[in-house]
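Notes for the one structure printed next.
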Amino acid sequence: SKQFIGSKQEEVRDWKTTVRNNRSEKINMVLLDQVPVSTNEEIEISVLQSSGAKQSETGEIRWNFSLDPGKNQAFDLKYSVKYPKNKYLIIE
């Protein structure tokens, strides 16, 4: 979604990842994802929702979990990027 707030533009991205264990035994997993990282002070990035994941300074999102046989588990990741209206960014 896009939104204009004062002199800034805000874009929000929302991702849902679902994992299913098709094995006959319990598994331990590490699921990795990435959020953008800005080195420009005018660009603000905020993680709005991460389903209890650990976040590093490099933008890496990490979920450590166990999954029983035949079960599903969903993970949500939502972040916003605020930047000046006069800049053009490609956000994904």
Side-chain angles (χ1 to χ4, degrees):
S1 68
K2 286 188 179 183
Q3 189 176 31
F4 294 101
I5 302 170
S7 64
K8 294 204 172 211
Q9 182 171 336
E10 179 181 27
E11 290 193 38
V12 177
R13 294 289 186 260
D14 192 3
W15 305 95
K16 182 174 186 172
T17 304
T18 304
V19 178
R20 179 180 170 90
N21 181 3
N22 289 326
R23 296 182 175 224
S24 59
E25 56 196 42
K26 184 176 183 176
I27 59 172
N28 295 316
M29 284 194 69
V30 176
L31 179 62
L32 299 173
D33 208 334
Q34 178 80 31
V35 294
V37 176
S38 173
T39 56
N40 186 333
E41 293 177 1
E42 296 178 320
I43 301 171
E44 302 170 29
I45 299 167
S46 304
V47 176
L48 305 174
Q49 183 179 8
S50 64
S51 298
K54 294 179 183 174
Q55 181 180 355
S56 72
E57 292 179 9
T58 61
E60 180 182 89
I61 304 291
R62 176 186 294 262
W63 291 274
N64 294 315
F65 62 98
S66 297
L67 199 55
D68 292 327
K71 299 290 182 180
N72 294 334
Q73 189 163 354
F75 300 92
D76 293 315
L77 177 60
K78 185 175 186 178
Y79 60 88
S80 71
V81 179
K82 292 180 187 174
Y83 57 95
K85 287 181 184 176
N86 61 352
K87 297 219 183 252
Y88 176 75
L89 295 181
I90 298 173
I91 302 169
E92 283 302 322

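Positions are given from 1, in the same order as the sequence printed here.
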* Asked: Is the shortest heavy-atom distance from the side chain of Y83 to the side chain of I91 under 4.5 Å?
  -> yes
* Asked: Measuring from Q34:CD to T58:OG1, what's the distance to the nearest 0.5 Å?
  -> 6.0 Å
* Asked: Is there side-chain contact between V81 and I43, with at least one heavy-atom pair below 4.5 Å?
  -> yes
* Structure fact -> All heavy atoms of K82 vs all of K8, minimum pair found to be CB-CD, 4.3 Å
* Asked: What's the spacing between K26 NZ and K71 NZ if we round to 0.5 Å?
  -> 12.0 Å
* Go through the steps for F65 and V19 under the test side chain to side chain contact (heavy atoms under 4.5 Å, CB included), then give the verdict. => CA-CA 11 Å; F65 62 98; V19 178; 4.3 Å; yes
* Looking only at heavy atoms, which two atoms of N21 and I27 are closest? And how far apart? -> ND2-CG1, 3.6 Å
* Got a salt bridge between R62 and E60, using NZ or NE/NH1/NH2 to carboxylate O under 4.0 Å? -> yes
* Provide the closest heavy-atom pair for A53 versus W63 in the form atom of the first, atom of the second, distance. => CB-NE1, 3.2 Å
* Would a 4.5 Å heavy-atom cut-off, applied to side chains only, mark M29 and Q73 as touching? -> no
* Asked: Which pair of heavy atoms, one from D76 and one from S51, lies closest together, and at what distance?
  -> N-OG, 2.9 Å
* Which heavy atom in V35 sits nearest to a heavy atom in Q55, and how many Å separate them? -> CG2-NE2, 3.8 Å
* Asked: Distance from L32 atom CG to I61 atom CD1, nearest 0.5 Å?
  -> 10.0 Å
* Asked: Which residues pass the salt bridge (Lys or Arg N to Asp or Glu O under 4.0 Å) test with R23, sequence neighbours left out?
  -> none
* Structure fact -> Looking only at heavy atoms, the pair that brings V12 and L48 closest together is CG1-CD1, 4.2 Å
* Structure fact -> So CD of E11 and OH of Y79: to nearest 0.5 Å the spacing works out to 9.5 Å
* Verify the cluster assignment for L89 and V47: are they in a single hydrophobic cluster under the rule of side-chain heavy atoms below 4.5 Å apart? => yes
* Using the side chain to side chain contact (heavy atoms under 4.5 Å, CB included) rule, take R20 and T18 through it: C-alpha gap first, then chi angles, then the decisive distance, then the call. => CA-CA 7 Å; R20 179 180 170 90; T18 304; 5.8 Å; no
